[in-house]
Amino acid sequence: MRRAKITRDTAETQIEVELDLDGSGRYDNRTGVGFFDHMLDQLARHSLIDLTVRAKGDMHVDDHHTVEDTGIAIGQALARALGDKKGIRRYGAFHLAMDDALVRAALDLSARPYLVWNVDFPAQKIGSFDTELVREFFQALSTHGGITLHVDRLHGLNAHHIAEAAFKAVARALREAVEPDPRMAGVLPSTKGAL
């Protein structure tokens, strides 16, 4: 059962996340941040991870805490659902083209969180959404999911396309990494004996 449910309750946010690594990409995400919900939908659809998020945050301040804490909760749920990581592929990489944007994502479910973020946006806002929050989400996901994650914008003129390409590229890389490897059933994908 590669599923997990996480509840995160702080003075700033109340987050509930449910995910299923062996899903079909179903999603039902409601954070109160429209563009972010759209990105979480893309993350679920293209990773084939079923994802349900309910978030209430201090929106009178801004969207930052809601986006960051959702990343924390999804990362924690991902780590819990992966369990001992035996039999998974562990690594994933993908180049995602979306109109003018081309984004590369590569990741390792290593339990050694590290984010390399080479994504610049030509605008500070996508509608009312701060583009700097895209990085904040992936930093939280990487840290709390134990993921070494590299994301690079190779091309892109439109901020919406760049952000969406980043979410989709990470999703496709994640899909590859969490998939069971039929040649490694029950075997940990590491020579160290632990991840």
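For the pair H46 and R175, the minimum side-chain heavy-atom distance is 4.5 Å or more. Residues M59 and T66 form a side-chain contact, since some pair of their non-hydrogen atoms from C-beta on lies under 4.5 Å apart. A 4.5 Å side-chain heavy-atom check between L195 and L109 finds every atom pair outside the cut-off. You'll find the side chain of Y114 stays beyond 4.5 Å of the side chain of T143, heavy atoms only.
In terms of hydrophobic clustering, with Ile, Leu, Val, Met, Phe, Trp and Tyr side chains grouped at heavy-atom distances under 4.5 Å, L48 and V17 are assigned to different clusters. V134 and F94 fall into different hydrophobic clusters, where Ile, Leu, Val, Met, Phe, Trp and Tyr side chains are chained together by heavy-atom contacts under 4.5 Å. Tracing side-chain contacts under 4.5 Å through hydrophobic residues (I, L, V, M, F, W, Y), one reaches L115 starting from I147; they form part of the same cluster.
Here the closest non-hydrogen pair linking G145 and A79 is O-CB, 4.2 Å. Here the closest heavy-atom approach between residue L19 and residue A81 is recorded as CD1-CB, 3.7 Å. A pairwise comparison of heavy atoms in A165 and V103 identifies CB-CG2, 3.6 Å as the closest pair. Taking both residues in full, the closest heavy atoms of I162 and L157 are given as CD1-N, 4.2 Å, listed atom of the first, atom of the second, then distance. Between A169 and L96 the shortest heavy-atom distance is CB-CB, 3.7 Å. Between P113 and S142, the closest heavy-atom pair is CB-O, 3.3 Å.
Summarising the geometry, atom NZ belonging to K5 is positioned 5.0 Å from atom CD belonging to E16; distances are rounded to the nearest 0.5 Å. A distance of 11.0 Å separates CG of D37 from OH of Y27, quoted to the nearest 0.5 Å. For the atom pair OG1 (T148) and CZ (R90), the distance works out to 8.0 Å, reported to the nearest 0.5 Å.
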Applying side-chain contact (heavy atoms from CB on, under 4.5 Å), run through L174 and L78 and close with a yes or a no. CA-CA 10 Å; L174 194 57; L78 181 64; 4.0 Å; yes
side-chain contact (heavy atoms from CB on, under 4.5 Å) evaluation trace for I72 with R8: CA-CA 9 Å; I72 290 170; R8 178 177 172 82; 3.8 Å; yes
side-chain contact (heavy atoms from CB on, under 4.5 Å) for Q76 and L141? Distances and angles first, verdict last. CA-CA 8 Å; Q76 291 171 340; L141 179 73; over 6 Å; no
Start with the C-alpha distance between H64 and L133, add both sets of side-chain angles, then the distance that settles side-chain contact (heavy atoms from CB on, under 4.5 Å), and finish with yes or no. CA-CA 7 Å; H64 185 110; L133 295 182; 3.5 Å; yes
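Under 4.0 Å is where a charged nitrogen must lie from a carboxylate oxygen, and between R26 and D28 no such pair does. A salt bridge does not link E176 with R172: none of the charged nitrogens is closer than 4.0 Å to a carboxylate oxygen.
Not one N or O on the side chain of D108 forms a donor-acceptor pair closer than 3.5 Å with the backbone of Y91. Put simply, the side chain of T31 never gets that close to the backbone of A55: no donor and acceptor are under 3.5 Å apart. Between the side chain of D58 and the backbone N or O of H60, no donor-acceptor pair lies under 3.5 Å. For the pair N29 (side chain) and V53 (backbone), a donor-acceptor distance under 3.5 Å is present. Checking side-chain atoms of K168 against main-chain N and O of Q42 turns up no donor-acceptor pair under 3.5 Å.
If you check the side chains of T13 and D69, you find a donor sitting under 3.5 Å from an acceptor. Using modelled atom types and a 3.5 Å distance limit, the side chains of N158 and D100 yield no donor-acceptor pair.
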Can you list, pair by pair, the side-chain donor-acceptor contacts under 3.5 Å of residues 177-192, counting residues two or more places apart and other chains?
| unit_1 | atom_1 | unit_2 | atom_2 | d |
| --- | --- | --- | --- | --- |
| D181 | OD1 | R183 | N | 3.0 |
| S190 | OG | K192 | N | 3.0 |

Could you go through residues 116-126 and list every donor-acceptor pair under 3.5 Å that involves a side-chain atom there, pairing it with any protein atom two or more places apart or in another chain?
| unit_1 | atom_1 | unit_2 | atom_2 | d |
| --- | --- | --- | --- | --- |
| W117 | NE1 | V119 | O | 3.4 |
| N118 | ND2 | D152 | OD1 | 2.7 |
| K125 | NZ | D130 | OD1 | 2.7 |

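Applying the ring-ring contact (aromatic ring centres under 6.0 Å, His included) definition to pairs two or more places apart or across chains, those involving residues 145-194 are F35-H160, H38-H160, F137-F167, F138-F167.
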